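To start, the structure itself, in structure tokens.
All values reported here derive from a predicted model rather than from experimental measurement. The first residue in the sequence is number 1, and the count goes up from there.
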Amino acid sequence: MAEPERPRTDRSPWNWLLLVPIVVPLLTFLYNHDEPRIAGFPVFYWLQLAFILLGVGTTTLVYQMTKRGRS
């Protein structure tokens with residue numbers, strides 16, 4: 001006989017970390033200036049790339065930590 005399926009729970013506290021890459025780009029004081037420049041690009045442009053890396057890193061961390069709880 002098949003084992004009854006457990007209900008899926010997405011209530012890990014690690015999921016709260018997913019708010020970080022949403023909130024941080026909304027903090028305009030981080031990039032509301034022209035300096036410092038990297039390779040001639042103002043802070044706005046290279047900080048957008050940093051926000052992407054922050055989102056990827058945070059998502060990867062949350063995925064790995066919540067995957068361990070499912071096993």
* To do: Working to the nearest 0.5 Å, report the span between CE of M65 and CG of N15.
  =>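 One gets 12.0 Å once the value is rounded to the nearest 0.5 Å.
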* Asked: Side-chain contact, heavy-atom cut-off 4.5 Å: I22 with L18?
  ->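 No. Closest side-chain heavy atoms not under 4.5 Å.
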* To do: Please answer: with hydrophobic residues joined when any side-chain heavy atoms are less than 4.5 Å apart, are F51 and L27 in the same cluster?
  =>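 Same cluster: F51 reaches L27 through Ile, Leu, Val, Met, Phe, Trp or Tyr contacts under 4.5 Å.
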* Quick one: do V62 and V56 end up in the same hydrophobic cluster if we chain Ile, Leu, Val, Met, Phe, Trp and Tyr together by side-chain heavy atoms under 4.5 Å apart? ->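 No, separate clusters.
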* **Heavy-atom pair with the smallest gap, counting every atom of G55 and T59** =>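 Heavy-atom minimum between the residues: O-OG1, 2.7 Å.
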* To do: For L47 and L30, work out which heavy atoms get closest and say how close.
  =>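 Heavy-atom minimum between the residues: CD2-O, 3.7 Å.
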* Asked: Does anything in residues 36-46 pair up under side-chain hydrogen bond (donor to acceptor under 3.5 Å, both in side chains), and if so which pairs, sequence neighbours excluded?
  ->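 Sorted result for residues 36-46: D34-R37.
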* Asked: Got a sec, which residues hit ring-ring contact (aromatic ring centres under 6.0 Å, His included) with F44, two or more places apart in sequence or on another chain?
  ->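 Result, ring-ring contact (aromatic ring centres under 6.0 Å, His included) vs F44: Y31.
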* Asked: Between T66 (side chain) and Y63 (backbone), is there a donor-acceptor pair under 3.5 Å?
  ->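 Side chain of T66 to backbone of Y63: a pair is present.
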* Asked: Is there a side chain to side chain contact (heavy atoms under 4.5 Å, CB included) between E35 and V43 once you walk through the steps?
  -> CA-CA 6 Å; E35 299 291 329; V43 77; over 6 Å; no
* To do: Taking side chain to side chain contact (heavy atoms under 4.5 Å, CB included) as the test, write out the residues that go with L49, two or more places apart.
  =>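 Residues passing side chain to side chain contact (heavy atoms under 4.5 Å, CB included) with L49: I52.
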